[in-house]
There are 2 protein chains.
Amino acid sequence: MTTPDDATRTLADPTPDAAADLVERGIETGALVTLFGRCRVDYDGRATSTLGSGDRHVMLKPDGAALVHTDEGQQPVNWQPPGCEHSVRVAEGDLVVESERSTPEEELVVTFESVAHAAAFDVTDASDLSLSGTEADLRERILDDPDLVEPSFTPLATERTTPAGAVDIYGEDDDGRTVVVELKRRRVGPDAVGQLDRYVDALARDLHDDAELRGILVAPSVTDRARELLAQKGLEFVSLSPPEA
Amino acid sequence: MTTPDDATRTLADPTPDAAADLVERGIETGALVTLFGRCRVDYDGRATSTLGSGDRHVMLKPDGAALVHTDEGQQPVNWQPPGCEHSVRVAEGDLVVESERSTPEEELVVTFESVAHAAAFDVTDASDLSLSGTEADLRERILDDPDLVEPSFTPLATERTTPAGAVDIYGEDDDGRTVVVELKRRRVGPDAVGQLDRYVDALARDLHDDAELRGILVAPSVTDRARELLAQKGLEFVSLSPPEA
DNA sequence: AGTTGCATCTCGAGC
DNA sequence: GCTCGAGGTGCAACT
(Lines give C-alpha, C1' and ligand atoms only; values in the text may rest on other atoms or scores of the structure.)
Protein backbone atom coordinates (compact mmCIF):
# COMPACT_ATOMS: atom_id res chain seq x y z
CA MET A 1 0.00 0.00 0.00
CA THR A 2 1.16 3.49 -0.86
CA THR A 3 0.62 6.41 1.44
CA PRO A 4 1.17 10.00 0.27
CA ASP A 5 4.48 10.04 2.15
CA ASP A 6 5.68 6.96 0.32
CA ALA A 7 4.53 8.27 -3.05
CA THR A 8 6.48 11.50 -2.82
CA ARG A 9 9.87 11.90 -1.17
CA THR A 10 11.49 15.33 -1.09
CA LEU A 11 14.58 16.91 0.42
CA ALA A 12 15.43 20.60 0.78
CA ASP A 13 19.10 21.62 0.70
CA PRO A 14 20.24 18.02 1.17
CA THR A 15 23.81 16.90 1.58
CA PRO A 16 25.24 15.24 -1.52
CA ASP A 17 24.99 11.86 0.20
CA ALA A 18 21.37 12.36 1.21
CA ALA A 19 20.45 13.53 -2.28
CA ALA A 20 22.29 10.57 -3.80
CA ASP A 21 20.32 8.17 -1.60
CA LEU A 22 17.02 9.68 -2.64
CA VAL A 23 17.93 9.66 -6.34
CA GLU A 24 19.28 6.13 -6.14
CA ARG A 25 16.12 4.86 -4.48
CA GLY A 26 13.97 6.81 -6.93
CA ILE A 27 15.69 5.25 -9.92
CA GLU A 28 15.39 1.77 -8.43
CA THR A 29 11.70 2.14 -7.64
CA GLY A 30 10.72 3.55 -11.02
CA ALA A 31 9.95 7.00 -9.67
CA LEU A 32 10.15 10.26 -11.56
CA VAL A 33 13.13 12.04 -9.98
CA THR A 34 13.74 15.78 -10.02
CA LEU A 35 16.70 17.83 -8.84
CA PHE A 36 17.26 21.54 -8.67
CA GLY A 37 20.60 23.16 -7.96
CA ARG A 38 23.79 24.68 -9.26
CA CYS A 39 25.48 22.36 -11.74
CA ARG A 40 27.64 21.87 -14.78
CA VAL A 41 26.49 19.69 -17.69
CA ASP A 42 28.56 17.67 -20.16
CA TYR A 43 27.24 15.70 -23.08
CA ASP A 44 29.02 13.49 -25.56
CA GLY A 45 27.41 11.37 -28.24
CA ARG A 46 25.74 12.38 -31.50
CA ALA A 47 27.38 15.75 -30.81
CA THR A 48 29.40 17.16 -27.92
CA SER A 49 28.47 19.95 -25.53
CA THR A 50 29.52 21.59 -22.33
CA LEU A 51 27.59 23.95 -20.11
CA GLY A 52 29.19 25.92 -17.26
CA SER A 53 27.86 26.44 -13.79
CA GLY A 54 24.30 27.65 -13.31
CA ASP A 55 20.98 26.82 -11.66
CA ARG A 56 18.98 24.15 -13.50
CA HIS A 57 16.17 21.69 -13.10
CA VAL A 58 16.97 18.05 -13.84
CA MET A 59 14.36 15.37 -14.44
CA LEU A 60 15.06 11.64 -14.61
CA LYS A 61 12.18 9.58 -15.95
CA PRO A 62 11.62 5.90 -15.20
CA ASP A 63 11.70 5.13 -18.94
CA GLY A 64 15.31 6.32 -19.05
CA ALA A 65 14.77 9.83 -20.37
CA ALA A 66 16.72 12.70 -18.79
CA LEU A 67 16.03 16.41 -19.14
CA VAL A 68 18.02 19.44 -18.04
CA HIS A 69 16.04 22.67 -18.07
CA THR A 70 17.21 26.24 -17.59
CA ASP A 71 14.88 29.15 -16.82
CA GLU A 72 14.36 29.77 -20.53
CA GLY A 73 12.99 27.94 -23.53
CA GLN A 74 10.60 25.14 -24.14
CA GLN A 75 13.41 22.78 -25.00
CA PRO A 76 15.79 21.29 -22.45
CA VAL A 77 19.31 22.69 -22.72
CA ASN A 78 20.58 19.12 -22.49
CA TRP A 79 18.82 15.78 -22.50
CA GLN A 80 19.00 12.07 -23.03
CA PRO A 81 16.32 10.06 -24.84
CA PRO A 82 14.23 7.26 -23.29
CA GLY A 83 16.07 3.96 -22.91
CA CYS A 84 19.06 5.30 -21.05
CA GLU A 85 20.51 4.00 -17.80
CA HIS A 86 20.53 6.56 -15.04
CA SER A 87 23.07 6.43 -12.24
CA VAL A 88 24.11 8.65 -9.38
CA ARG A 89 27.22 8.99 -7.24
CA VAL A 90 29.09 11.41 -5.03
CA ALA A 91 32.51 12.39 -6.32
CA GLU A 92 34.79 14.85 -4.56
CA GLY A 93 31.87 16.13 -2.57
CA ASP A 94 29.70 16.76 -5.63
CA LEU A 95 26.51 14.96 -6.53
CA VAL A 96 26.99 13.52 -10.03
CA VAL A 97 24.11 12.23 -12.12
CA GLU A 98 24.86 10.25 -15.26
CA SER A 99 22.63 8.95 -18.01
CA GLU A 100 23.97 6.82 -20.82
CA ARG A 101 23.02 4.49 -23.62
CA SER A 102 24.51 2.62 -26.54
CA THR A 103 23.40 2.70 -30.22
CA PRO A 104 24.31 5.37 -30.42
CA GLU A 105 26.85 5.62 -27.66
CA GLU A 106 26.10 8.76 -25.76
CA GLU A 107 26.37 10.04 -22.24
CA LEU A 108 25.09 12.94 -20.19
CA VAL A 109 26.84 13.98 -16.97
CA VAL A 110 25.39 16.54 -14.56
CA THR A 111 27.70 17.62 -11.75
CA PHE A 112 26.07 19.52 -8.89
CA GLU A 113 28.06 21.99 -6.83
CA SER A 114 25.02 22.32 -4.63
CA VAL A 115 21.57 20.79 -4.52
CA ALA A 116 18.71 23.02 -3.46
CA HIS A 117 16.03 20.40 -3.85
CA ALA A 118 15.59 16.71 -4.62
CA ALA A 119 12.36 14.80 -5.08
CA ALA A 120 11.07 11.42 -6.19
CA PHE A 121 7.49 11.00 -7.36
CA ASP A 122 5.62 7.75 -7.91
CA VAL A 123 3.66 8.17 -11.12
CA THR A 124 0.43 6.52 -12.18
CA ASP A 125 -0.81 7.65 -15.57
CA ALA A 126 -3.08 5.46 -17.65
CA SER A 127 -4.51 8.23 -19.83
CA ASP A 128 -3.71 8.72 -23.48
CA LEU A 129 -3.66 12.09 -25.14
CA SER A 130 -6.55 12.79 -27.48
CA LEU A 131 -5.39 15.17 -30.20
CA SER A 132 -7.31 16.63 -33.12
CA GLY A 133 -6.44 19.00 -35.92
CA THR A 134 -3.74 16.71 -37.32
CA GLU A 135 -2.92 15.74 -40.87
CA ALA A 136 -4.81 12.49 -40.30
CA ASP A 137 -7.91 14.54 -39.49
CA LEU A 138 -7.46 16.50 -42.70
CA ARG A 139 -7.22 13.23 -44.62
CA GLU A 140 -10.45 11.98 -43.05
CA ARG A 141 -12.13 15.23 -43.94
CA ILE A 142 -11.21 14.73 -47.59
CA LEU A 143 -12.13 11.05 -47.69
CA ASP A 144 -15.53 12.00 -46.25
CA ASP A 145 -16.01 14.64 -48.92
CA PRO A 146 -13.58 14.30 -51.84
CA ASP A 147 -15.21 17.25 -53.61
CA LEU A 148 -13.29 19.47 -51.18
CA VAL A 149 -10.25 18.77 -53.35
CA GLU A 150 -12.19 19.30 -56.54
CA PRO A 151 -15.53 18.20 -58.00
CA SER A 152 -15.58 14.49 -58.85
CA PHE A 153 -12.20 13.74 -57.33
CA THR A 154 -12.09 10.05 -56.45
CA PRO A 155 -9.67 8.76 -53.80
CA LEU A 156 -8.41 5.27 -54.62
CA ALA A 157 -5.85 4.69 -51.88
CA THR A 158 -4.09 6.30 -48.96
CA GLU A 159 -0.44 5.85 -48.14
CA ARG A 160 0.13 4.30 -51.55
CA THR A 161 3.80 3.45 -51.80
CA THR A 162 5.96 4.74 -54.63
CA PRO A 163 9.70 4.39 -55.20
CA ALA A 164 10.03 7.79 -53.51
CA GLY A 165 7.84 7.07 -50.50
CA ALA A 166 4.17 6.87 -49.58
CA VAL A 167 1.62 9.19 -51.18
CA ASP A 168 -0.94 10.68 -48.77
CA ILE A 169 -3.90 10.25 -51.11
CA TYR A 170 -3.79 8.59 -54.50
CA GLY A 171 -6.82 8.97 -56.72
CA GLU A 172 -8.18 10.11 -60.06
CA ASP A 173 -9.99 13.12 -61.40
CA ASP A 174 -13.13 13.59 -63.50
CA ASP A 175 -11.20 12.79 -66.69
CA GLY A 176 -9.61 9.64 -65.29
CA ARG A 177 -6.22 11.24 -64.77
CA THR A 178 -4.16 10.00 -61.86
CA VAL A 179 -3.92 12.48 -58.99
CA VAL A 180 -1.31 12.56 -56.26
CA VAL A 181 -2.40 14.53 -53.19
CA GLU A 182 0.04 15.70 -50.50
CA LEU A 183 -1.53 16.91 -47.27
CA LYS A 184 -0.20 19.42 -44.77
CA ARG A 185 -2.03 20.53 -41.64
CA ARG A 186 -0.52 24.00 -41.78
CA ARG A 187 0.90 26.62 -44.12
CA VAL A 188 3.66 25.10 -46.21
CA GLY A 189 7.00 26.15 -47.60
CA PRO A 190 9.29 24.87 -50.36
CA ASP A 191 10.00 21.55 -48.67
CA ALA A 192 6.41 20.34 -49.09
CA VAL A 193 6.52 21.19 -52.80
CA GLY A 194 9.72 19.20 -53.16
CA GLN A 195 8.06 16.30 -51.42
CA LEU A 196 5.03 16.31 -53.72
CA ASP A 197 7.30 16.69 -56.73
CA ARG A 198 9.31 13.63 -55.69
CA TYR A 199 6.15 11.53 -55.46
CA VAL A 200 4.77 12.71 -58.79
CA ASP A 201 8.11 12.13 -60.45
CA ALA A 202 8.47 8.64 -59.00
CA LEU A 203 4.93 7.68 -59.94
CA ALA A 204 5.41 9.03 -63.45
CA ARG A 205 8.36 6.70 -63.92
CA ASP A 206 6.38 3.84 -62.44
CA LEU A 207 3.31 4.36 -64.60
CA HIS A 208 5.07 5.56 -67.77
CA ASP A 209 2.19 7.97 -67.92
CA ASP A 210 3.67 11.36 -67.32
CA ALA A 211 1.17 13.49 -69.20
CA GLU A 212 -1.84 12.23 -67.31
CA LEU A 213 -0.39 12.73 -63.86
CA ARG A 214 -1.43 15.60 -61.60
CA GLY A 215 -0.01 16.62 -58.24
CA ILE A 216 -2.11 18.59 -55.76
CA LEU A 217 -0.85 20.12 -52.54
CA VAL A 218 -3.63 20.49 -49.98
CA ALA A 219 -2.89 22.83 -47.08
CA PRO A 220 -4.32 25.92 -45.41
CA SER A 221 -1.97 28.16 -47.39
CA VAL A 222 1.45 28.37 -49.07
CA THR A 223 4.38 30.77 -48.92
CA ASP A 224 5.31 32.85 -51.97
CA ARG A 225 8.35 30.75 -52.74
CA ALA A 226 6.36 27.55 -52.44
CA ARG A 227 3.79 28.97 -54.84
CA GLU A 228 6.52 29.76 -57.38
CA LEU A 229 7.94 26.28 -57.08
CA LEU A 230 4.49 24.78 -57.57
CA ALA A 231 4.08 26.79 -60.77
CA GLN A 232 7.53 25.79 -62.01
CA LYS A 233 6.83 22.13 -61.43
CA GLY A 234 3.32 22.25 -62.87
CA LEU A 235 1.76 21.29 -59.55
CA GLU A 236 -1.48 22.55 -58.08
CA PHE A 237 -2.65 23.92 -54.74
CA VAL A 238 -5.95 23.60 -52.91
CA SER A 239 -6.56 25.58 -49.75
CA LEU A 240 -8.05 23.40 -47.02
CA SER A 241 -7.53 23.15 -43.26
CA PRO A 242 -8.02 20.30 -40.81
CA PRO A 243 -11.51 20.28 -39.25
CA GLU A 244 -11.97 22.62 -36.27
CA ALA A 245 -13.22 19.98 -33.86
CA MET B 1 19.66 39.40 0.07
CA THR B 2 18.59 35.87 -0.74
CA THR B 3 18.88 33.04 1.72
CA PRO B 4 18.45 29.43 0.62
CA ASP B 5 14.97 29.47 2.13
CA ASP B 6 14.00 32.44 0.02
CA ALA B 7 15.50 30.98 -3.11
CA THR B 8 13.53 27.77 -2.91
CA ARG B 9 10.00 27.45 -1.58
CA THR B 10 8.36 24.03 -1.46
CA LEU B 11 5.16 22.53 -0.18
CA ALA B 12 4.26 18.86 0.28
CA ASP B 13 0.62 17.83 -0.09
CA PRO B 14 -0.55 21.44 0.06
CA THR B 15 -4.14 22.55 0.09
CA PRO B 16 -5.27 24.05 -3.24
CA ASP B 17 -5.18 27.51 -1.68
CA ALA B 18 -1.67 27.08 -0.31
CA ALA B 19 -0.41 25.73 -3.62
CA ALA B 20 -2.09 28.59 -5.48
CA ASP B 21 -0.35 31.11 -3.22
CA LEU B 22 3.04 29.56 -3.85
CA VAL B 23 2.48 29.40 -7.62
CA GLU B 24 1.11 32.93 -7.73
CA ARG B 25 4.11 34.29 -5.85
CA GLY B 26 6.50 32.22 -7.96
CA ILE B 27 5.07 33.62 -11.20
CA GLU B 28 5.22 37.17 -9.86
CA THR B 29 8.81 36.86 -8.70
CA GLY B 30 10.12 35.28 -11.89
CA ALA B 31 10.76 31.90 -10.29
CA LEU B 32 10.73 28.54 -12.01
CA VAL B 33 7.60 26.85 -10.64
CA THR B 34 6.98 23.10 -10.54
CA LEU B 35 3.94 21.12 -9.55
CA PHE B 36 3.35 17.41 -9.24
CA GLY B 37 -0.03 15.82 -8.79
CA ARG B 38 -3.11 14.23 -10.31
CA CYS B 39 -4.51 16.41 -13.04
CA ARG B 40 -6.39 16.73 -16.30
CA VAL B 41 -4.97 18.77 -19.20
CA ASP B 42 -6.80 20.63 -21.94
CA TYR B 43 -5.23 22.46 -24.85
CA ASP B 44 -6.76 24.53 -27.59
CA GLY B 45 -4.91 26.51 -30.23
CA ARG B 46 -2.97 25.29 -33.26
CA ALA B 47 -4.70 21.99 -32.58
CA THR B 48 -6.94 20.71 -29.79
CA SER B 49 -6.20 18.07 -27.17
CA THR B 50 -7.54 16.60 -24.00
CA LEU B 51 -5.82 14.36 -21.48
CA GLY B 52 -7.68 12.54 -18.71
CA SER B 53 -6.71 12.20 -15.11
CA GLY B 54 -3.20 11.05 -14.21
CA ASP B 55 -0.05 11.97 -12.28
CA ARG B 56 2.10 14.55 -14.06
CA HIS B 57 4.86 17.04 -13.53
CA VAL B 58 4.14 20.63 -14.53
CA MET B 59 6.81 23.29 -15.01
CA LEU B 60 6.13 27.00 -15.45
CA LYS B 61 9.14 28.99 -16.60
CA PRO B 62 9.63 32.71 -16.00
CA ASP B 63 9.90 33.28 -19.77
CA GLY B 64 6.33 32.07 -20.17
CA ALA B 65 6.97 28.50 -21.24
CA ALA B 66 4.89 25.72 -19.70
CA LEU B 67 5.61 22.00 -19.78
CA VAL B 68 3.50 19.02 -18.73
CA HIS B 69 5.47 15.80 -18.41
CA THR B 70 4.26 12.26 -17.84
CA ASP B 71 6.49 9.39 -16.72
CA GLU B 72 7.35 8.58 -20.31
CA GLY B 73 9.01 10.26 -23.24
CA GLN B 74 11.47 13.01 -23.77
CA GLN B 75 8.77 15.33 -25.04
CA PRO B 76 6.15 16.94 -22.82
CA VAL B 77 2.67 15.54 -23.35
CA ASN B 78 1.39 19.12 -23.43
CA TRP B 79 3.14 22.45 -23.42
CA GLN B 80 3.03 26.14 -24.13
CA PRO B 81 5.87 28.05 -25.80
CA PRO B 82 7.80 30.94 -24.22
CA GLY B 83 5.94 34.24 -24.19
CA CYS B 84 2.77 32.96 -22.58
CA GLU B 85 1.01 34.44 -19.58
CA HIS B 86 0.71 32.02 -16.69
CA SER B 87 -2.09 32.31 -14.16
CA VAL B 88 -3.39 30.21 -11.29
CA ARG B 89 -6.69 29.98 -9.45
CA VAL B 90 -8.76 27.67 -7.31
CA ALA B 91 -12.04 26.61 -8.88
CA GLU B 92 -14.49 24.23 -7.22
CA GLY B 93 -11.77 23.08 -4.89
CA ASP B 94 -9.31 22.31 -7.69
CA LEU B 95 -6.05 24.08 -8.36
CA VAL B 96 -6.19 25.32 -11.96
CA VAL B 97 -3.12 26.51 -13.83
CA GLU B 98 -3.57 28.32 -17.12
CA SER B 99 -1.08 29.49 -19.70
CA GLU B 100 -2.15 31.43 -22.76
CA ARG B 101 -0.91 33.61 -25.59
CA SER B 102 -2.12 35.29 -28.75
CA THR B 103 -0.61 35.02 -32.28
CA PRO B 104 -1.53 32.33 -32.44
CA GLU B 105 -4.33 32.27 -29.92
CA GLU B 106 -3.79 29.22 -27.77
CA GLU B 107 -4.42 28.14 -24.23
CA LEU B 108 -3.34 25.37 -21.91
CA VAL B 109 -5.38 24.48 -18.82
CA VAL B 110 -4.16 22.08 -16.15
CA THR B 111 -6.73 21.12 -13.52
CA PHE B 112 -5.39 19.37 -10.42
CA GLU B 113 -7.58 17.02 -8.42
CA SER B 114 -4.77 16.81 -5.93
CA VAL B 115 -1.33 18.37 -5.58
CA ALA B 116 1.41 16.21 -4.10
CA HIS B 117 4.11 18.82 -4.39
CA ALA B 118 4.62 22.46 -5.32
CA ALA B 119 7.90 24.34 -5.56
CA ALA B 120 9.29 27.68 -6.71
CA PHE B 121 12.97 28.04 -7.55
CA ASP B 122 14.90 31.25 -8.09
CA VAL B 123 17.17 30.66 -11.06
CA THR B 124 20.49 32.26 -11.89
CA ASP B 125 22.05 30.97 -15.07
CA ALA B 126 24.52 33.06 -17.03
CA SER B 127 26.16 30.17 -18.91
CA ASP B 128 25.72 29.51 -22.59
CA LEU B 129 25.81 26.05 -24.08
CA SER B 130 28.91 25.22 -26.08
CA LEU B 131 27.99 22.69 -28.75
CA SER B 132 30.12 21.04 -31.43
CA GLY B 133 29.46 18.53 -34.13
CA THR B 134 26.91 20.69 -35.92
CA GLU B 135 26.43 21.43 -39.60
CA ALA B 136 28.27 24.72 -39.05
CA ASP B 137 31.28 22.74 -37.82
CA LEU B 138 31.16 20.57 -40.92
CA ARG B 139 31.12 23.71 -43.06
CA GLU B 140 34.19 25.09 -41.25
CA ARG B 141 35.95 21.79 -41.75
CA ILE B 142 35.40 22.05 -45.52
CA LEU B 143 36.34 25.73 -45.76
CA ASP B 144 39.58 24.90 -43.91
CA ASP B 145 40.32 22.08 -46.34
CA PRO B 146 38.19 22.22 -49.49
CA ASP B 147 40.00 19.17 -50.91
CA LEU B 148 37.84 17.11 -48.55
CA VAL B 149 35.04 17.66 -51.06
CA GLU B 150 37.28 16.93 -54.00
CA PRO B 151 40.77 17.95 -55.18
CA SER B 152 40.90 21.62 -56.26
CA PHE B 153 37.40 22.44 -55.14
CA THR B 154 37.21 26.19 -54.50
CA PRO B 155 34.53 27.60 -52.20
CA LEU B 156 33.36 31.04 -53.36
CA ALA B 157 30.53 31.78 -50.95
CA THR B 158 28.49 30.36 -48.12
CA GLU B 159 24.76 30.84 -47.72
CA ARG B 160 24.57 32.19 -51.27
CA THR B 161 20.96 33.01 -51.97
CA THR B 162 19.09 31.51 -54.92
CA PRO B 163 15.44 31.83 -55.89
CA ALA B 164 14.91 28.55 -54.03
CA GLY B 165 16.78 29.47 -50.85
CA ALA B 166 20.33 29.73 -49.55
CA VAL B 167 23.02 27.32 -50.74
CA ASP B 168 25.31 25.99 -47.98
CA ILE B 169 28.50 26.28 -50.02
CA TYR B 170 28.72 27.74 -53.52
CA GLY B 171 32.00 27.23 -55.39
CA GLU B 172 33.68 25.87 -58.49
CA ASP B 173 35.63 22.80 -59.45
CA ASP B 174 38.94 22.21 -61.19
CA ASP B 175 37.36 22.82 -64.58
CA GLY B 176 35.64 26.04 -63.56
CA ARG B 177 32.23 24.46 -63.30
CA THR B 178 29.87 25.87 -60.70
CA VAL B 179 29.34 23.56 -57.73
CA VAL B 180 26.44 23.64 -55.27
CA VAL B 181 27.20 21.87 -51.98
CA GLU B 182 24.50 20.86 -49.51
CA LEU B 183 25.72 19.86 -46.04
CA LYS B 184 24.13 17.51 -43.55
CA ARG B 185 25.59 16.63 -40.19
CA ARG B 186 24.19 13.10 -40.27
CA ARG B 187 22.96 10.34 -42.56
CA VAL B 188 20.44 11.72 -45.02
CA GLY B 189 17.26 10.55 -46.70
CA PRO B 190 15.28 11.65 -49.75
CA ASP B 191 14.41 15.06 -48.33
CA ALA B 192 18.02 16.27 -48.46
CA VAL B 193 18.29 15.20 -52.10
CA GLY B 194 15.15 17.13 -52.90
CA GLN B 195 16.62 20.16 -51.19
CA LEU B 196 19.88 20.03 -53.16
CA ASP B 197 17.93 19.46 -56.35
CA ARG B 198 15.83 22.57 -55.70
CA TYR B 199 18.93 24.70 -55.29
CA VAL B 200 20.66 23.30 -58.38
CA ASP B 201 17.51 23.77 -60.39
CA ALA B 202 17.01 27.34 -59.22
CA LEU B 203 20.63 28.24 -59.87
CA ALA B 204 20.51 26.67 -63.30
CA ARG B 205 17.61 28.94 -64.21
CA ASP B 206 19.44 31.89 -62.74
CA LEU B 207 22.71 31.25 -64.54
CA HIS B 208 21.27 29.82 -67.77
CA ASP B 209 24.15 27.42 -67.53
CA ASP B 210 22.61 24.06 -66.83
CA ALA B 211 25.28 21.84 -68.31
CA GLU B 212 28.11 23.25 -66.24
CA LEU B 213 26.32 23.00 -62.91
CA ARG B 214 27.12 20.29 -60.37
CA GLY B 215 25.36 19.46 -57.11
CA ILE B 216 27.17 17.66 -54.31
CA LEU B 217 25.59 16.33 -51.15
CA VAL B 218 28.09 16.14 -48.29
CA ALA B 219 27.05 13.98 -45.35
CA PRO B 220 28.30 10.99 -43.36
CA SER B 221 26.15 8.61 -45.42
CA VAL B 222 22.93 8.28 -47.44
CA THR B 223 19.99 5.88 -47.44
CA ASP B 224 19.40 3.62 -50.44
CA ARG B 225 16.45 5.64 -51.61
CA ALA B 226 18.40 8.86 -51.33
CA ARG B 227 21.20 7.31 -53.38
CA GLU B 228 18.74 6.35 -56.12
CA LEU B 229 17.31 9.84 -56.18
CA LEU B 230 20.79 11.34 -56.40
CA ALA B 231 21.52 9.13 -59.42
CA GLN B 232 18.20 10.04 -61.06
CA LYS B 233 18.86 13.73 -60.63
CA GLY B 234 22.49 13.55 -61.70
CA LEU B 235 23.71 14.70 -58.31
CA GLU B 236 26.80 13.54 -56.43
CA PHE B 237 27.60 12.40 -52.92
CA VAL B 238 30.70 12.85 -50.78
CA SER B 239 30.99 11.08 -47.44
CA LEU B 240 32.18 13.41 -44.72
CA SER B 241 31.28 13.90 -41.06
CA PRO B 242 31.50 16.89 -38.76
CA PRO B 243 34.80 17.03 -36.86
CA GLU B 244 34.99 14.85 -33.70
CA ALA B 245 36.01 17.67 -31.39
C1' DA C 1 5.70 39.27 -37.87
C1' DG C 2 6.68 35.97 -41.68
C1' DT C 3 10.03 32.80 -44.02
C1' DT C 4 13.52 29.36 -44.24
C1' DG C 5 16.15 25.45 -42.76
C1' DC C 6 18.76 23.12 -38.78
C1' DA C 7 18.10 19.92 -34.80
C1' DT C 8 22.13 15.52 -30.06
C1' DC C 9 15.35 17.17 -33.37
C1' DT C 10 11.51 13.31 -31.13
C1' DC C 11 8.05 10.07 -32.23
C1' DG C 12 5.43 6.49 -34.43
C1' DA C 13 4.63 3.28 -38.19
C1' DG C 14 6.27 0.18 -41.46
C1' DC C 15 9.50 -3.13 -42.86
C1' DG D 1 17.34 -2.42 -36.17
C1' DC D 2 16.73 1.21 -40.12
C1' DT D 3 13.78 4.27 -42.93
C1' DC D 4 10.60 7.70 -43.64
C1' DG D 5 7.67 11.55 -42.72
C1' DA D 6 4.68 14.21 -39.21
C1' DG D 7 4.99 17.54 -35.52
C1' DG D 8 0.48 22.09 -31.59
C1' DT D 9 7.52 20.44 -33.88
C1' DG D 10 11.18 24.47 -31.34
C1' DC D 11 14.65 27.55 -32.61
C1' DA D 12 17.77 31.13 -34.66
C1' DA D 13 18.82 34.01 -38.40
C1' DC D 14 17.25 36.98 -41.64
C1' DT D 15 13.95 40.02 -44.14
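Computation of the quantities below employed the complete heavy-atom set of this structure, encompassing side-chain atoms and omitting hydrogens, waters and symmetry-equivalent molecules. By convention in this document, chain letters (A, B, ...) are assigned in the order of the sequence lines, proteins followed by strands, and residues within each chain are numbered from 1.
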Atom-to-atom span, [atom1] of [X] to [atom2] of [N] - whole angstrom:
X	N	atom1	atom2	result
A:D168	D:dC4	CG	P	16 Å
A:R139	D:dA6	CZ	P	11 Å
B:L131	C:dC6	CG	P	15 Å
A:L51	C:dT8	CG	C1'	14 Å
B:L138	C:dT8	CG	C1'	15 Å
B:L108	D:dT9	CG	P	15 Å
B:D191	C:dC9	CG	C1'	13 Å
B:E135	C:dT4	CD	P	17 Å

If you check the B:T223 side chain, which of D:dT3, D:dG5, D:dG8 turns out closest?
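Comparing D:dT3, D:dG5, D:dG8 against the side chain of B:T223, the answer is D:dT3.
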
Please pick, from D:dA6, C:dA7, C:dT10, the nucleotide with the shortest atom-to-atom distance to any side-chain atom of B:T134.
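Of the options given, the side chain of B:T134 lies nearest C:dA7.
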
Need one value for [X]: base, sugar-phosphate or nothing, where a base atom within 4.0 Å counts as base even if backbone is also close, heavy atoms only.
X	answer
B:T48	nothing
A:P81	nothing
A:Q195	sugar-phosphate
B:A164	sugar-phosphate
B:Q80	base
A:P104	nothing
B:A192	nothing

Can you find a pair of side-chain heavy atoms, one from [X] and one from [Y], that are under 4.5 Å apart?
X	Y	result
B:V88	B:E98	no
A:D63	B:E72	yes
A:H69	B:K61	yes

Are B:N78 and B:S49 close enough that a side-chain donor and a side-chain acceptor fall under 3.5 Å?
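Indeed, the side chains of B:N78 and B:S49 share at least one donor-acceptor pair under 3.5 Å.
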
Please check if any side-chain donor atom of A:E113 sits under 3.5 Å from a side-chain acceptor atom of A:S53, or the reverse.
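Yes, side-chain donor-acceptor contact under 3.5 Å.
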
So, is [X] close to the [N] phosphate, meaning a side-chain N or O under 4.0 Å from OP1 or OP2?
X	N	result
B:R225	D:dC4	yes
A:R198	D:dG5	yes
B:R46	D:dG10	yes

Which sits closer to the 5' end of DNA chain D, A:A166 or A:G133, going by the nucleotide each is nearest to?
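Looking at the nearest nucleotide for each, A:A166 comes out on the 5' side.
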
Could you check B:W79 against B:P82 and say which one's nearest nucleotide on DNA chain D is further toward the 5' end?
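The residue whose closest nucleotide sits nearer the 5' end is B:W79.
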
Worked verdict on B:E106 versus B:Y43 for side chain to side chain donor-acceptor pair (under 3.5 Å)
CA-CA 8 Å; B:E106 54 184 353; B:Y43 161 77; 2.5 Å; yes

Side chain to side chain contact (heavy atoms under 4.5 Å, CB included) for A:L235 and A:V200? Distances and angles first, verdict last.
CA-CA 9 Å; A:L235 302 172; A:V200 170; 4.0 Å; yes

Going by an N to O cut-off under 4.0 Å, is there a salt bridge joining B:R214 and B:E172?
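No salt bridge links B:R214 with B:E172.
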
Any residue in residues 179-188 of chain B with a heavy atom nearer than 4.0 angstrom to DNA chain C? Just list them by number, or reply none.
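Contacts with DNA chain C under 4.0 Å: B:E182, B:K184, B:R185, B:R186.
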
Give, ordered by number, those residues of residues 52-78 of chain B having at least one heavy-atom distance below 4.0 Å to an atom of DNA chain C; if nothing qualifies, reply none.
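Those residues whose heavy atoms fall under 4.0 Å from DNA chain C, taken from residues 52-78 of chain B in numerical order, are B:G73, B:Q74, B:Q75.
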
Taking for each residue the nucleotide of DNA chain C with the nearest heavy atom, is it B:Y199 or B:L129 whose nucleotide lies nearer the 5' end?
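First, find each residue's nearest nucleotide; the 5'-ward one identifies B:Y199.
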
Determine the interplanar angle of the B:F121 and A:F36 rings, folded into 0 to 90°, and report it as parallel if under 30°, tilted if 30 to 60°, perpendicular if over 60°.
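Correct class here is parallel.
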
Working for salt bridge (charged side-chain N to carboxylate O under 4.0 Å, His left out), residues B:R139 and B:D168
CA-CA 8 Å; B:R139 183 175 61 231; B:D168 283 338; 5.4 Å; no

Under 3.5 Å donor-acceptor, B:D137 side chain and B:G133 backbone:
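Answer holds: yes.
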
Residues B:L67, B:V58; criterion side chain to side chain contact (heavy atoms under 4.5 Å, CB included); working and verdict
CA-CA 6 Å; B:L67 303 168; B:V58 176; over 6 Å; no

Nearest-Å distance once atom P is located in both C:dT4 and C:dT8:
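Result for the P pair: 23 Å, nearest Å.
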
Whole-angstrom distance between C:dA7 and C:dC11, as gauged at atom C1':
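Here C:dA7 and C:dC11 have their C1' atoms 14 Å from each other.
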
Within a radius of less than 6.0 Å around CZ of A:R38, do more than 12 heavy atoms belonging to other residues, nucleotides or ligands occur?
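Buried by this count: over 12 neighbours within 6.0 Å.
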
Quick test: give all pairs of protein nitrogen or oxygen and nucleotides 12-15 of chain D nitrogen or oxygen below 3.5 Å, distance rounded to 0.1 Å.
none

Can you check side chain to side chain donor-acceptor pair (under 3.5 Å) on B:T134 and B:R185, steps first, answer last?
CA-CA 6 Å; B:T134 64; B:R185 66 171 301 278; over 6 Å; no

